[in-house]
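Have a look at the structure below before the remarks.
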Amino acid sequence: MTDSIDRELVGWLSEGPDRGRVEVLDEALARVRRSRQRPGWLAAVTMVRPVDRPVAWVSPAVGRAILVAGLAVALAAALALVAGTPPPESHRLAFTRSGQLWMANADGSSATRVDVATPLPGEVVDVRWSPQRRYLAALVHAIGTENAGWLVILAADGRVIGAHAGDGGMPFSWSPDGSRIAVRDSNGLDVVQILDTHANVTGTVTSPSWVALGYNGWTGSLSWSPDGRWIAVPGCLQPCNPKADADVYLLDPTGGAARRLTSTAAGDGWLAWSSDGRLAVSRTCAAGLPACPRGAVIVTVDSHEQPIADLANRGIGWLSWSPRSGRLAAAVTVTGLTEGLATRLEVVEPNGSARTVIGDGFDRIDLVEWSADGTDLLFLGATTGPSSSGIWSVPANGGRPTLLVNDVESFDGDARP
Amino acid sequence: VGDVILPERARWAGRTAEASVSEELVGQAQRGDHEAFEALVRPVYHRLYAVAYRVLRDGYGAEDAVQDAVVLAWRNLRSLRDPGRFEPWLHRLLVNACYDQLRRARRRPTEVALVSTDSAWEPTGPGTVEHRDELERAFRSLSVEHRAVLVLTFYLGYSAAEVASIVGIPVGTVYSRIHNATAAVRRARVGPNGVLVPGAEQVR
């Protein structure tokens, strides 16, 4: 556990003024009444602006030209690619460091940077190998905005073979055969679209006219079932607040009717399919967030639910099934920010009992993945003390964790079911 | 990404019933309705000011940042696709406005923060006034990007994924900024002998 500095910061920040002068707001609203709204497309372009890097503002005209040219280049690149035999599979680690894509050997050695060309300055924020590890999907955000981004498809050797332009917050999930990828897309409407391995849109699964898709980060909130029949998403019937009362819906990749899988007063969040078709779902208690932390339940496609008693109300942050044996790894936050961060890594055995793999020493554990043979766990972790987050490996039955690569923001390691 | 309970966020509980009303207002405002926009912004104004003040530690700068964010929100409202995310979107605009304010503020004197001494919060360290002064000084030594992540996390209680979405950085960067910022505050407050270190290391 860290020292009390977090708690002191919370207390100190709660002090100070909590009310501004009303005349300041009145003045702002007067300026609002004198100004006109930008059209949506123009606003989206001009909202692209620097936050973390000294990139210059773009004027509306220049921004529009850059965006149009960029989209044209991305489209041309996708169309110019000739579909050939699938590239060979890769067993390399893919990870992001300072917003850039890197690959390394499975033991973390020989890390090399991979160039992901995008029309506007961007940061790679997430990476996912296809199940057969022949393709890599990289989600790129235009710097400083959620309104522009790209899902870039690369071959295992790092060659870019397709790009799909959309907004920045695009959860995505590979189909089990690795031939398609589902992405929550925008272009004015929240829809789940199906792309091929060259990032061409081959179908649209649903529209938000009746389902508001929940937002739970870039991965884990859109998950393709291992039999290929369903794409699970957290969402709710409008009007509703998807953050407060989301349930899990199963979307049909072929465009058929969607199904409501869970029905709960609380919010469902992260999703993970097992190889035998069960869905692990993190869920708040009935009071919802922030009154209680998330627990976890296992749900079958016929909506039968089995709570995991040992994970009830534990602050579940990440769930990941082992490839074949039906074990479930969970990152569990054991203290709140007010007391200092500490996260445990636990494994739930098929009988429902949880076993601690890592009990202390880590402030944060995230993005937990199993090795293909189910013997080891990879995770993104930051140790207690002065360290950045890195990719760690630990035996699934417990043991000493090993740092593979440091200064990592997101990664994808070994095969998932 | 654990779910934690923080003071400010606890006060947000029960907002679900308001959500559909707000989303309708967002839709009206996106069609150019000034009154709907005002109805959206007025209830959250004080919270916006509180956030901006905590990031900038400057009352005048905070007022300017809130004004800029409100005007930008109106002008770019049609780019907001998900009406349910109006407030996080507004917080993103506010954080950006704070960045701009701090860059401008380097060319002008900064207001000295006046801290109330009758707060209900009881610091754990010795010497209340000195303790707060240490925190103030340590916090000011951070870059505005690190301050923003701390305020969004510790004051507003956003999760790491939400902070990442608002600020436009990967989740791992949120973690590293929290870690580096709290470590820097710790180092800046107390030196090896328990003595405040002048000009302590800055996180930038």
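Lettering follows sequence order; numbering is per chain, from 1.
In this structure, the portions of B/Leu150 lying under 4.5 Å from any heavy atom of chain A include both its backbone and its side chain. Neither the backbone nor the side chain of B/Val66 comes within contact range of chain A; no heavy atom of the residue lies under 4.5 Å from a heavy atom of that chain.
A salt bridge is defined here as a Lys NZ or Arg NE, NH1 or NH2 lying under 4.0 Å from an Asp or Glu carboxylate O, and B/Arg42 with A/Asp26 meets this definition. The residues B/Arg57 and B/Glu136 are annotated as salt-bridged, a charged nitrogen and a carboxylate oxygen being separated by less than 4.0 angstrom.
The candidate with the highest count of non-hydrogen atom pairs below 4.5 Å against chain A, out of B/Tyr49, B/Phe37, B/Trp74, B/Phe139, is B/Trp74. Between chain B and the residues A/Val124, A/Val32, A/Leu380, the most heavy-atom pairs under 4.5 angstrom are made by A/Val32.
Scanning both residues, A/Ala331 and A/Val368, for their nearest heavy atoms gives CB-CG2, 4.3 Å.
Contact check for B/Asn180 versus B/His146: side-chain heavy atoms found under the 4.5 Å cut-off.
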